[in-house]
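In the text below, chain A, chain B and the rest are named by the order of the sequence lines, each starting its count at 1.
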Protein chains: 2
Amino acid sequence: MTTTTSPRALEHPTRDQIRLEAVLHALADPVRLRIVCDMAREGTELSCSYFDLPVTKSTTTHHFRVLRESGVIQQMYRGTAKLNALRGDDLDALFPGLLDAVLAAAGAQAGREGEGGRGGGDGVS
Amino acid sequence: MTTTTSPRALEHPTRDQIRLEAVLHALADPVRLRIVCDMAREGTELSCSYFDLPVTKSTTTHHFRVLRESGVIQQMYRGTAKLNALRGDDLDALFPGLLDAVLAAAGAQAGREGEGGRGGGDGVS
DNA sequence: GCCGTACTACGATGCGTATCGTACGAGCAT
DNA sequence: ATGCTCGTACGATACGCATCGTAGTACGGC
């Protein structure tokens with residue numbers, strides 16, 4: 001039977017199932033932290049293929065799964081693509097200020113290490 | 001010379017050597033997160049033996065080492081004891097608000113789980 | 001000096017996970 | 001339909017790490 005709705009369902013934790021340790025663990029990986037920073041910077045839903053990551057497709061899928069199952073992002077299908085969005089409201093309701101602090105920290109660290117060769121573009125507004 | 005040269009020297013990262021990923025990774029472990037929360041609650045230097053952790057001494061040493069090498073805590077010997085203190089000022093200078101957000105998040109989660117279902121003594125004063 | 005306490009060092013072990021390659025399924029274009 | 005692109009699933013692998021036990025070192029008290 002060809003279901004008209006999404007044939008593949010994606011499991012997400014509900015808001016009260018989100019665990020702080022899982023979120024921190026998800027954000028502790030450089031690849032995933034970069035994904036989250038990019039998503040926050042764009043502020044809109046992005047497909048997986050938008051990101052230019054230094055790993056293969058398989059690993060990318062793995063990282064997105066970790067982010068989704070930890071409750072950091074939300075995923076939904078749109079045709080062949082899969083859109084990703086930050087669960088900023090859920091995270092902020094559970095852990096106020098945490099996501100902002102991590103994003104600011106990542107930006108600060110990137111700026112700190114990026115300075116010294118680039119001129120004019122600091123990347124963080 | 002005030003003979004402050006301790007017989008055992010402990011290596012700490014300097015402030016600008018602290019990496020966000022390492023800090024997040026250190027905080028992502030339940031045992032270490034609990035240690036950090038306890039230290040923040042007491043606000044003073046605490047010996048390793050102060051903590052009542054559900055792991056052996058060896059594992060405790062390992063966790064304290066991870067916390068120290070990631071830059072989250074500072075350790076110094078005082079006689080046979082080893083005192084631990086949060087590097088709150090360094091962390092706040094590097095990643096403003098991050099430690100506070102994590103501590104608040106941990107407290108919120110502990111409170112959330114403590115009220116609804118009785119389970120174990122996860123005492124938070 | 002001797003012993004107890006506090007912590008460390010080293011080795012072993014089992015589990016999680018980050019990584020890859022390949023094979024596959026779902027949708028879109030021609 | 002054929003093929004192409006996007007993403008998934010599964011197996012394999014290697015590394016990290018949380019855990020333990022035991023032996024050892026430093027310091028203080030008796």
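Residues S58(A) and T80(A) both approach DNA chain C. Their nearest nucleotides, taken by heavy-atom distance, put S58(A) toward the 5′ side.
Taking atom CZ of residue F64(B) and atom P of nucleotide dA6(C), one finds them 14 Å apart after rounding to whole Å. Computed from coordinates, the E21(A) CD to dG16(C) C1' distance equals 16 Å when rounded to whole Å. In this structure, L27(B) atom CG and dC17(D) atom C1' are separated by 16 Å, rounded to whole Å. Taking atom CG on L10(A) and atom C1' on dA9(D), their separation rounds to 14 Å, with Å as the unit. Taking atom CD of Q75(A) as the reference point, atom C1' of dG7(D) lies 10 Å away to the nearest angstrom. With rounding to whole Å, H63(B) atom NE2 is found 16 Å from dA9(C) atom P. If you measure from atom CG of L53(B) to atom P of dA18(D), you get 14 Å, rounded to the nearest angstrom. Remark: C1' of dT5(C) and CZ of R78(B) are 14 Å apart, rounded to the nearest angstrom.
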Item to check | Test side-chain contact (heavy atoms from CB on, under 4.5 Å) applied to H12(B) and R68(B), step by step | outcome: CA-CA 6 Å; H12(B) 293 78; R68(B) 187 188 71 231; 3.4 Å; yes
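V102(A) has its side chain out of reach of F95(B): every pair of non-hydrogen atoms, C-beta onward, lies at least 4.5 Å apart. When side chains are defined from C-beta on, F51(A) counts as touching L46(A), because their heavy atoms get closer than 4.5 Å.
Picking from dA18(D), dC20(D), dT19(C) the nucleotide with the shortest atom distance to the side chain of T59(B) gives dC20(D). Distance from the side chain of S47(A) is smallest for dG7(D) among the nucleotides dC17(D), dT17(C), dG7(D). The side chain of C48(A) lies closest to dG7(D) when the candidates are dG7(D), dC7(C), dA18(D).
At dA9(C), none of the side-chain N or O atoms of H62(B) fall inside 4.0 Å of OP1 or OP2 (strictly under the cut-off). Under 4.0 angstrom from either OP1 or OP2 of dA9(C) there lies at least one side-chain N or O belonging to R65(B). One finds no side-chain N or O of T61(A) lying less than 4.0 angstrom from the OP1 or OP2 phosphate oxygen of dG7(D).
Looking at heavy-atom distances under 4.0 Å, R32(A) makes contact with sugar-phosphate atoms alone, never a base. Here T60(A) lies out of heavy-atom contact (under 4.0 Å) with every strand.
With no hydrogens or angles considered, no side-chain donor-acceptor pair links R87(A) and Q74(A) at under 3.5 Å.
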Validation: residues 17-31 of chain B side-chain donor-acceptor distances under 3.5 Å, sequence neighbours left out:
from	atom 1	to	atom 2	distance (Å)
Q17(B)	OE1	T14(B)	N	2.9
Q17(B)	OE1	T14(B)	OG1	3.4
R19(B)	NH1	E113(A)	OE1	3.0
R19(B)	NH1	E113(A)	OE2	2.1
R19(B)	NH2	E21(B)	OE1	3.3
R19(B)	NH2	E21(B)	OE2	3.2
E21(B)	OE1	Q109(A)	NE2	3.2
D29(B)	OD1	V31(B)	N	2.9
D29(B)	OD1	R32(B)	N	3.3

